[in-house]
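Report on one structure; see the data block that follows.
As the structure is a computational prediction, the values presented were derived from the model and not from experiment. Reminder, nothing fancy here: chain letters follow the sequence lines and each chain counts from 1.
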Number of protein chains: 2
Amino acid sequence: MENRDIDGRSIKSDETLFAIIECLKRTNGAGVTELADRLDLAKSTVHKHLVALERHRYVVKEDGQYRLGLQFFTAGIHVRNQYEVYHAAKNRVDRLAAETNEAAWLIVHENGMGMFVYGVAHNEAFTFDSTIGTWVYLHANSAGKAILAHLPDEEVSSIIDRHGLPAQTENTITDRETLLDELAEVRDRGYAMNAQEDLRGLHAIASPVITDGRPVAAVTIAGAANRVTEERIEDDLSERLLEAVDDIELRLVYG
Amino acid sequence: MENRDIDGRSIKSDETLFAIIECLKRTNGAGVTELADRLDLAKSTVHKHLVALERHRYVVKEDGQYRLGLQFFTAGIHVRNQYEVYHAAKNRVDRLAAETNEAAWLIVHENGMGMFVYGVAHNEAFTFDSTIGTWVYLHANSAGKAILAHLPDEEVSSIIDRHGLPAQTENTITDRETLLDELAEVRDRGYAMNAQEDLRGLHAIASPVITDGRPVAAVTIAGAANRVTEERIEDDLSERLLEAVDDIELRLVYG
DNA sequence: CATCTCGTTTCCTGAGAGCGAACAGCACGT
DNA sequence: ACGTGCTGTTCGCTCTCAGGAAACGAGATG
């Protein structure tokens, strides 16, 4: 199925290992036979990989089903903890959500894509938990645009080249020039806006966390479009957002 | 160094892959040469594995250094989200911490070991964040004992056989019979106690979350030994703990 | 400009990844 | 009890490809 191994410079057996992991992630646990069928591999091959994974606790066997193990959680938390900005921002993001009574997020970026690393919704209508740990395009939401706006031009274009500008809703910016204009606006304004560009019904504003001239992350306030109106943003939310970001940047510098 | 590949039933190349990951975890990022030296492998070998890891975003290259990437976070959060008990318990654990003004934790177990999946310290003296995602022995803390107390006897002994009863402090129970007696007590009392058995200066109580007769997790209240006294436990904390666990068990059954 | 020291690439070789088939366990309908 | 159909696991065989050594290229350092 996924025969994108036109490589020679990486390791095939690793690719099959990752394919197994990916498959287990999608299926939330599966048997050897099912995996072998799905990935078009011999049962014995899959089995040997699973034994290796199990020995390192990346996979657990339960009732003859294999599923991903808590070792991934350990590693994942370790990676998150390496981001100083997470520790600097966490409590302040909590406070921001409490003050505004909307959802607040911390987004970091890696390799030209964004990821939600932390979020709270004091008004807990939705299970926002499912959003944490997901990748997002930088061009299609306020946090991403806040980050892009403060990256060097050549980095922005290399990101566009690599990932393109796929549309998430009919409001997504899919044109290069339009995006660059928007980024200039964001720089002037100090914060970015998201008018249902990635999720219908959702409005959001975001501002970047900058250290040593580089945007390492962005903080977002997000909420239903009817609550997060343009005037509320101008009158109240934008100010609170910028205050929060200032606090976070300060804490990044001073322990 | 770690030549424990007396296997034949698993895959050697996977073992080196995991060794690389483990090494990157410990060093918080390293170069090809450093990894090759440390693991006693050829540079080219390490490099090819890194290319594979990088393609799948499990590793990122930054300033010629490789470090673990956010894909681990994605996978880790995914694993956590598979535990229904996490979603059922999160808010209630928050409330428990707020009520008692101590730290509260959710611990799950896998393969005879426990792991902190969630925790809050309303009294935020310590950076408890570093505890999340770490493995703990079940015999050496209150949460683990709460879980063990409600597992079938044969499962308990197989766990002891597999992991032993290593001492964490001078108060750790290291004797099989003593442990089994303690577990019987825990069953009677309804909650387990931790009198500086894994961490000096720390007192804790814990009670298991049971569904379908199986303990899937445990909830803990933990705090400095001088604050979490025996009489406060009896007068107040134990009751609040058991209430919280009841609520969680209910929420596990009803949506 | 020479000299380290990185990361990356190239090439070769024999260890071992991957395969197919046989084996073992369990749960069913008879 | 006895097939029958499903699992997961193990056993050899074979030819691929993972791993090693050494060359290459790119920055940094003196």
Side-chain angles (χ1 to χ4, degrees), chain A residues 1-24 27-69 111 154 158, chain B residues 1-24 27-69 111 154 158:
Chain A
M1 12 197 73
E2 354 233 335
N3 270 332
R4 1 200 122 276
D5 12 86
I6 322 130
D7 13 83
R9 14 169 298 179
S10 91
I11 288 184
K12 199 181 166 198
S13 129
D14 288 355
E15 298 295 330
T16 72
L17 183 73
F18 292 135
I20 290 171
I21 291 169
E22 190 56 37
C23 199
L24 283 175
T27 57
N28 286 348
V32 177
T33 313
E34 186 183 345
L35 287 167
D37 285 351
R38 242 182 243 263
L39 302 168
D40 202 26
L41 293 168
K43 279 200 294 181
S44 57
T45 304
V46 173
H47 183 255
K48 278 201 274 189
H49 280 289
L50 287 172
V51 169
L53 282 162
E54 195 185 5
R55 171 175 320 165
H56 292 263
R57 299 170 175 272
Y58 284 109
V59 147
V60 276
K61 186 177 21 172
E62 250 171 15
D63 328 308
Q65 287 269 110
Y66 286 93
R67 59 173 184 76
L68 296 187
N111 265 324
E154 66 273 16
S158 106
Chain B
M1 17 194 69
E2 353 232 336
N3 270 333
R4 358 202 125 276
D5 15 85
I6 323 130
D7 14 83
R9 15 169 300 178
S10 91
I11 287 183
K12 198 184 166 196
S13 131
D14 288 355
E15 298 294 331
T16 72
L17 184 74
F18 292 135
I20 291 172
I21 291 168
E22 191 55 35
C23 198
L24 284 175
T27 58
N28 284 349
V32 177
T33 313
E34 186 183 344
L35 287 167
D37 285 351
R38 241 181 244 265
L39 302 169
D40 201 30
L41 293 167
K43 281 200 292 181
S44 57
T45 305
V46 173
H47 183 257
K48 279 200 274 190
H49 280 289
L50 287 171
V51 169
L53 282 162
E54 195 186 6
R55 172 176 316 164
H56 292 263
R57 298 168 177 275
Y58 283 108
V59 146
V60 276
K61 185 179 20 174
E62 250 172 16
D63 328 307
Q65 286 270 107
Y66 287 92
R67 58 173 185 77
L68 295 187
N111 265 323
E154 67 272 16
S158 107

Looking at [N], I'd like to know if its phosphate oxygens (OP1 or OP2) sit under 4.0 Å from a side-chain N or O belonging to [X].
X: A:K61; N: D:dT9; result: yes
X: B:H47; N: C:dG7; result: no
X: A:T33; N: D:dC6; result: no
X: B:Y66; N: C:dC6; result: no

In whole angstrom, give the distance that lies between atom [atom1] of [X] and atom [atom2] of [N].
X: B:L41; N: C:dG7; atom1: CG; atom2: P; value: 15 Å
X: A:E62; N: D:dT7; atom1: CD; atom2: C1'; value: 17 Å
X: B:Q65; N: C:dT5; atom1: CD; atom2: P; value: 17 Å
X: B:L39; N: D:dA18; atom1: CG; atom2: P; value: 18 Å
X: B:L50; N: C:dC6; atom1: CG; atom2: C1'; value: 14 Å
X: B:E54; N: C:dG7; atom1: CD; atom2: P; value: 13 Å
X: B:E15; N: D:dA18; atom1: CD; atom2: P; value: 16 Å
X: A:L17; N: D:dC17; atom1: CG; atom2: C1'; value: 16 Å

How long is the span from the [atom1] atom in [X] to the [atom2] atom in [Y], to the nearest 0.5 Å?
X: B:K48; Y: B:S13; atom1: NZ; atom2: OG; result: 10.5 Å
X: B:H49; Y: B:I20; atom1: NE2; atom2: CD1; result: 5.0 Å
X: A:L35; Y: A:T45; atom1: CG; atom2: OG1; result: 12.0 Å
X: A:L17; Y: A:K12; atom1: CG; atom2: NZ; result: 14.0 Å
X: B:Q65; Y: B:N28; atom1: CD; atom2: CG; result: 10.5 Å
X: A:E22; Y: A:R38; atom1: CD; atom2: CZ; result: 12.0 Å

Can you name the atoms? Protein N/O to nucleotides 14-17 of chain C N/O, anything below 3.5 Å, with the distance.
{"from": "C:dG16", "atom 1": "OP1", "to": "B:K12", "atom 2": "NZ", "distance (Å)": "2.7"}
{"from": "C:dA17", "atom 1": "OP2", "to": "B:K12", "atom 2": "N", "distance (Å)": "3.1"}

For the helix from C:dG7-D:dC24 to C:dT30-D:dA1, what angle lies between the axis at the first five pairs and the axis at the last five pairs, to 10 degrees?
->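 Result, rounded to 10 degrees: 50°.
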Where do N or O atoms of nucleotides 21-23 of chain C meet protein N or O atoms at under 3.5 Å, pair by pair?
none

Check whether any side-chain heavy atom of A:Y66 sits under 4.5 Å from a side-chain heavy atom of A:H47, and report yes or no.
->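 Yes - at least one pair of side-chain heavy atoms lies under 4.5 Å apart.
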Taking the side chain as every heavy atom from C-beta outward, state whether A:L39 and A:T16 have any atom pair closer than 4.5 Å.
->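 Side chain of A:L39 against side chain of A:T16, heavy atoms only: no contact under 4.5 Å found.
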Give me the ring orientation class for A:Y58 and B:F18: parallel if the planes are under 30° apart, tilted from 30 to 60°, perpendicular past 60°.
->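 Rings of A:Y58 and B:F18: parallel, as their planes differ by under 30°.
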List the atom of A:A30, the atom of A:T27, and the distance in Å for their closest heavy-atom pair.
->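 Scanning both residues, the minimum pair turns out to be CB-OG1, 3.7 Å.
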Would B:V51 and A:D14 count as a side chain to side chain contact (heavy atoms under 4.5 Å, CB included) if you check the C-alpha gap in whole Å, the side-chain angles of each, and the deciding distance to 0.1 Å?
-> CA-CA 10 Å; B:V51 169; A:D14 288 355; over 6 Å; no
Verdict with reasoning, B:R67 to B:V60, per side chain to side chain contact (heavy atoms under 4.5 Å, CB included) | CA-CA 6 Å; B:R67 58 173 185 77; B:V60 276; 3.5 Å; yes
